[in-house]
Novice: 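Handing you a structure now.
In this text, all values refer to a predicted model and were calculated from it rather than measured experimentally. Numbered from 1 within each chain, the chains take letters A, B, ... in sequence-line order.
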Amino acid sequence: MSAADSTLGELPSKPAASTIDPHAQTVEQLLDGQSAWDKRLIHWSNWLNPILVKETRQALKSKQFVWTFGLLIVIVLAWSLLGLLSSIPNIYYASDGRGLLNGYLLILVVPAWLIIPQASFRSMASELDDGTFETLSLSMLRPRHIILGKLNVAALQLIIYMSVIAPCIALTYLLRGVTLETILFELIVVVITTLALSMIAIAFASFSRSRALQIVFSLVLILLQLITTFTLCSLLTAVAWQGVGFGSFEDNRASWIALGVSAFFVGLYMWVLFACSAALIGVSSANTSTPIRIPLMVAGWLIAMVGVAMAIWVDIEAAGFFLMLLGVHWAIAGAFIVGERGFISTRAKRTLPDGIFSRLFGSWFIPGPGTGYVFVVLSCLGGSIALMISPLMTSERLWDYWFAMVWFAIAINLYIAFYLGIGRLGAWLFFRRMKSGRMFTTAVFIVVLNALAILATCTLSLMSSNYSRMDYEWFCFPNPWWTLAEIIPYRYRNTNNLEELAVFCLGVVTLPIFLLNLFLSAKDIVIQRIETPDRVMAEHGKKNRAESTEQSEEIIDPLA
Amino acid sequence: MGHFQRRPTGAPCPQPSTLEGTYMVDAVHTSSAPMIELRRLHRFFGATKAVHDVSFEVYRGQVFGYIGPNGAGKTTSMRILSTLELPSYGDAFIDGFSAVNDPDLVRRRLGFMPDGFSVYPNMNCIEYLDFFARSYGMMGKDRIQAIKRTLGFTGLDKIAAKPITGLSKGMRQRLCLGRAMIHQPTVLVLDEPANGLDPRARIELRQMIQQLAAEGTTVLVSSHILTELAEMCDQVGIIERGKLLAVGSVEEIRRTMRGHLRVRVIPLNQQAEIAVWLSQREGVSELAQEGNAIHFSLQGGEAEQSQLLTSMIQSGFPILEFAAHTESLEDVFMKITTGAVQ
């Protein structure tokens with residue numbers, strides 16, 4: 001038997017490490033760790049996302065991370081020395097912490113807002129580019145695990161970078177002039193922005209399946225990062241110098257509410273982006289539509305709920321603003337949803353609702369443009385009704401404002417039903433055979449339609465006044481922006497007959513479009529659920545049983 | 001080298017060695033059910049029919065060779081089988097589970113080694129395998145055992161700490177195979193695994209595949225190196241322009257495609273008499289004489305050969321050599337395919 005044969009002999013039933021071999025010892029050490037601390041870390045890492053473990057290992061060996069980390073330490077040290085030396089004569093009594101804190105935060109945002117999102121983008125894009133994503137997707141990792149792993153890596157990098165400036169920030173507190181609340185506020189802004197930018201970067205990388213798209217999205221991301229950095233750096237500077245405090249909550253009420261609401265919406269749309277990215281990189285036959293519709297619906301309802309709360313407790317006019325936000329939310333989501341392909345795979349059919357109640361409430365979650373259209377229109381209507389009622393729940397009871405809100409809500413809902421209805425019909429007529437990019441094309445089609453409507457109404461308005469001026473007339477109703485700007489509700493405002501006529505005309509043209517779409521959506525709804533084969537059910541059951549056995553063993557073991 | 005014995009087609013295979021942990025496939029459907037099944041598989045890219053109505057079955061422990069020229073549709077059908085692509089029509093099954101409808105169950109049972117090997121930078125072999133073991137849900141000791149077993153099997157244990165970027169092509173292929181088998185799949189799909197390997201690495205890879213098959217793993221392997229496939233495959237499928245032209249064991253295909261045998265007879269003397277005698281026999285045609293040797297085509301198979309030889313000897317002809325030309329897999333491939341591309 002040759003040497004090769006001995007290597008390639010039968011699979012060892014016991015680990016080869018039992019043989020005295022220096023290399024085997026190395027394998028043992030590499031796998032189990034050398035020190036007790038290593039062993040403990042490896043043990044804990046069992047519960048971590050594999051991508052986090054892998055990318056942390058890679059990052060620790062990468063030059064980019066070493067350089068960024070090293071440079072950050074050097075710059076932070078230099079800034080500390082400079083700041084302390086410049087304030088030495090007055091260091092015992094002057095409030096010099098603010099300037100130093102501002103400097104540290106501006107240093108931190110460079111890796112946090114510029115480098116980390118770019119690293120996330122490259123990491124995801126290179127998986128798709130290099131073909132490693134395919135081998136990764138063949139494992140038991142679900143798309144959501146992959147996206148979450150990448151996001152975890154961004155969070156970990158941020159923690160590492162923040163750990164560099166943490167002692168320095170403590171120093172600024174000791175130097176006086178900086179409150180703990182200010183530090184907390186600033187760090188929350190940095191963390192939320194970093195995670196949001198990283199999520200956007202990962203989503204962009206998931207969308208860009210071709211080299212050309214990758215370049216486009218990369219440029220868009222850079223632009224977004226720069227805009228965010230410049231905008232929020234001024235916010236960080238302002239907050240660092242002025243300070244915010246819990247003690248003076250009334251004075252800083254707007255800042256804290258703005259931070260809370262912004263954080264809430266950033267989190268919400270990160271969830272939506274997360275669902276979209278996971279759907280994009282998932283198995284093609286899976287039902288990717290329903291997992292996106294759920295966060296969209298939750299986001300829509302939360303917009304409405306936050307709007308209602310703000311209208312009741314902060315300002316009644318918040319209802320109008322949040323109604324507008326709700327309209328934008330459903331207009332953007334709907335533009336893509338109505339472009340969905342009507343095809344439902346056998347795999348997706350197994351997950352369709354069954355029974356009277358689930359059919360009644362769950363049918364609008366069935367993938368397809370028809371159900372999608374009705375889902376968007378109904379969801380927008382539901383949120384609008386909640387927001388419409390909110391002015392009546394305040395102590396002010398501004399009836400004029402309420403009537404203006406009702407007209408505004410009707411107009412928004414009619415525009416959603418009108419444009420998305422035409423978009424869905426257009427996709428059905430013109431893009432039926434299109435297999436990829438259909439959703440994006442439909443969204444572009446709706447935008448173009450909207451632009452044409454704006455152009456046509458402006459031209460007609462000019463023509464009606466003999467090219468002397470541009471006044472709003474009833475025939476301008478296809479122009480959503482102009483009409484909504486005319487009827488936007490604010491305190492002590494009444495709608496006039498012209499505006500009501502425009503909304504009425506809009507209703508007249510929307511009704512047949514809505515009914516036609518409703519009729520067409522029947523095609524999506526009649527699809528029946530098919531039963532999952534027994535063997536597949538048994539296999540899933542077996543897996544669940546195995547998992548529960550494993551868990552119970554883990555509980556029993558320490559007792560033993 | 002002698003311990004790798006070929007199993008006859010359809011012969012029962014030993015049970016696979018079991019591993020601890022729940023990630024393992026602990027049972028197969030039934031012993032008689034095919035582990036790999038392609039059922040009327042179609043895949044169109046625009047007007048191009050990359051895969052056109054391909055159907056075949058591979059049973060447990062068999063090695064199936066997938067042969068075809070470049071662009072024939074091998075990789076596409078392998079990718080569909082591996083749940084990486086969807087078919088335009090038809091379905092592919094692993095252990096009875098549909099690659100289209102139950103990809104998660106298929107992936108649990110499948111190890112796929114693609115044509116190209118993409119690596120992660122700043123990683124060594126052990127970290128690479130550790131990552132994939134974690135990705136298959138292996139935890140703690142199960143994972144460590146699986147990595148050790150894979151490193152031992154692929155012979156990578158001595159370079160476990162070496163960065164992947166510094167590995168030779170052969171070592172990378174081993175690592176890729178290790179990655180595909182880390183979760184002990186019951187089915188392995190290997191796309192051109194021997195591509196670019198030196199002869200030694202190729203032989204070693206072949207031995208690994210044979211050993212895996214001997215332990216019950218079903219292997220679907222594509223290759224351009226037909227002699228390699230002929231030696232290790234129980235069955236082969238020949239595909240061209242998306243269509244499966246022939247499927248079965250090499251011998252079966254050979255038997256099916258040939259209507260006649262080419263026979264060479266070298267008599268001690270009486271060449272002319274033998275030629276006349278042969279020309280009068282039924283089933284003999286295309287008679288030609290080259291020196292001492294007489295070449296002719298004989299209708300039929302081995303039984304006809306034997307009958308003819310017996311008759312020649314009984315007729316008193318002094319026969320030194322009687323040989324039917326055995327076609328190699330290469331000959332079969334060249335005869336079946338036309339070399340056309342789409």
Side-chain angles (χ1 to χ4, degrees), chain A residues 1-2 4-5 7-13 15-17 21 23-24 26-28 30-32 43 45-48 50-51 53-54 57-62 130-132 134-142 145 283-286 345-347 350 533 535-536 539-540 542-543 546-547 549-550, chain B residues 1-3 17 22-23 26 29 82-86 96-98 100-105 107-108 110-112 114 116 118-124 126-127 130-132 134-137 139-140 143-145 147-149 151-153 155 157-158 160-161 179 183 200 203-204 207-208 211 215:
Chain A
M1 191 181 271
S2 69
D5 289 339
T7 316
L8 303 164
E10 289 183 356
L11 284 176
S13 55
D21 181 353
H23 296 296
T26 312
V27 170
E28 192 83 25
L30 284 164
L31 284 168
D32 298 338
H43 178 67
S45 72
N46 279 324
W47 285 273
L48 292 176
I51 293 183
V53 177
K54 181 205 80 162
R57 281 175 169 160
Q58 284 180 284
L60 291 174
K61 292 179 191 171
S62 82
D130 303 342
T132 49
E134 287 194 342
T135 47
L136 196 60
S137 63
L138 282 174
S139 71
M140 299 314 291
L141 287 179
R142 298 278 171 277
H145 293 138
V283 181
S284 319
S285 64
S345 67
T346 310
R347 178 183 161 83
R350 289 179 190 165
R535 196 165 164 245
V536 175
E539 195 64 30
H540 284 302
K542 199 193 293 174
K543 191 191 163 201
E547 277 169 3
T549 313
E550 201 176 63
Chain B
M1 306 287 271
H3 68 274
S17 53
T22 54
Y23 50 86
D26 50 359
H29 189 187
S82 308
T83 73
L84 291 172
E85 264 184 51
L86 284 180
F97 292 109
S98 159
V100 178
N101 296 321
D102 303 298
D104 45 346
L105 296 179
R107 287 169 181 186
R108 232 183 271 175
L110 178 97
F112 178 55
S118 312
V119 292
Y120 290 112
N122 301 316
M123 274 188 120
N124 60 32
I126 211 159
E127 286 170 347
D130 180 65
F131 168 58
F132 280 100
R134 283 171 192 269
S135 302
Y136 278 103
M139 288 173 84
R143 190 180 71 240
I144 292 171
Q145 292 295 331
I147 297 168
K148 280 180 190 167
R149 187 194 62 242
L151 285 170
F153 182 79
D157 44 0
K158 296 185 175 54
R179 200 257 313 137
H183 60 302
R200 184 179 178 78
I203 290 165
E204 286 174 354
Q207 287 172 344
M208 284 187 218
Q211 188 180 341
E215 284 168 3

Novice: Counting only N and O atoms by type, is there a donor-acceptor contact under 3.5 Å from the side chain of Q58(A) to the main-chain atoms of P121(B)?
Specialist: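 Flag set: sc Q58(A) to bb P121(B) pair under 3.5 Å.
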Novice: At a 4.5 Å cut-off on heavy atoms, which part of L136(A) comes close to chain B: side chain, backbone, both, or neither?
Specialist: both
Novice: To check you understand the geometry: which heavy-atom pair defines the closest contact between L138(A) and Y136(B), and what is its length?
Specialist: O-OH, 3.5 Å
Novice: Are the side chain of R107(B) and the backbone of L141(A) linked by a donor-acceptor contact shorter than 3.5 Å?
Specialist: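 Judged by distance alone, no pair lies under 3.5 Å.
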Novice: If you look at every heavy atom in M140(A) and D104(B), which pair is closest and at what distance?
Specialist: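 The answer is CE-O, 3.9 Å.
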Novice: Please look at L48(A) and chain B and tell me whether the side chain, the backbone, both or neither of the residue comes under 4.5 angstrom of a heavy atom of that chain.
Specialist: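 When you check distances to chain B, no heavy atom of L48(A) falls under 4.5 Å.
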Novice: Which region of P114(B), side chain (C-beta onward) or backbone (N, CA, C, O), has a non-hydrogen atom less than 4.5 Å from a non-hydrogen atom of chain A, or is it both or neither?
Specialist: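 Contact with chain A involves the side chain of P114(B) alone.
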Novice: Rounded to the nearest 0.5 Å, how far does CE of M139(B) lie from OG of S45(A)?
Specialist: 9.0 Å
Novice: Can you measure from OG (S137(A)) to CZ (F112(B)) and round to the nearest 0.5 angstrom?
Specialist: 10.0 Å
Novice: Backbone N or O of G140(B) within a donor-acceptor pair of the N46(A) side chain at under 3.5 Å?
Specialist: yes
Novice: Counting only non-hydrogen atoms closer than 4.5 Å, does D102(B) touch chain A with its backbone (N, CA, C, O), its side chain (CB onward), both, or neither?
Specialist: both
Novice: What part of V53(A) gets within 4.5 angstrom of chain B, counting heavy atoms only: side chain, backbone, both, or neither?
Specialist: side chain
Novice: Measuring heavy-atom distances to chain A, does L84(B) have an atom under 4.5 Å in its side chain, in its backbone, in both, or in neither?
Specialist: side chain
Novice: Would you mind checking which part of F97(B) comes under 4.5 Å of any heavy atom in chain A, side chain (CB onward), backbone (N, CA, C, O), both or neither?
Specialist: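 It is both, since atoms from each part get that close.
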Novice: Could you check whether any side-chain N or O of R179(B) sits under 3.5 Å from a backbone N or O of T135(A), counting only pairs where one atom can act as donor and the other as acceptor?
Specialist: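 No, R179(B) side chain to T135(A) backbone: no donor-acceptor pair under 3.5 Å.
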Novice: For T346(A) and V100(B), what are the C-alpha separation, side-chain angles and deciding distance, and is it a side chain to side chain contact (heavy atoms under 4.5 Å, CB included)?
Specialist: CA-CA 8 Å; T346(A) 310; V100(B) 178; over 6 Å; no
Novice: List the atom of M123(B), the atom of K61(A), and the distance in Å for their closest heavy-atom pair.
Specialist: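 It is CA-NZ, 4.2 Å.
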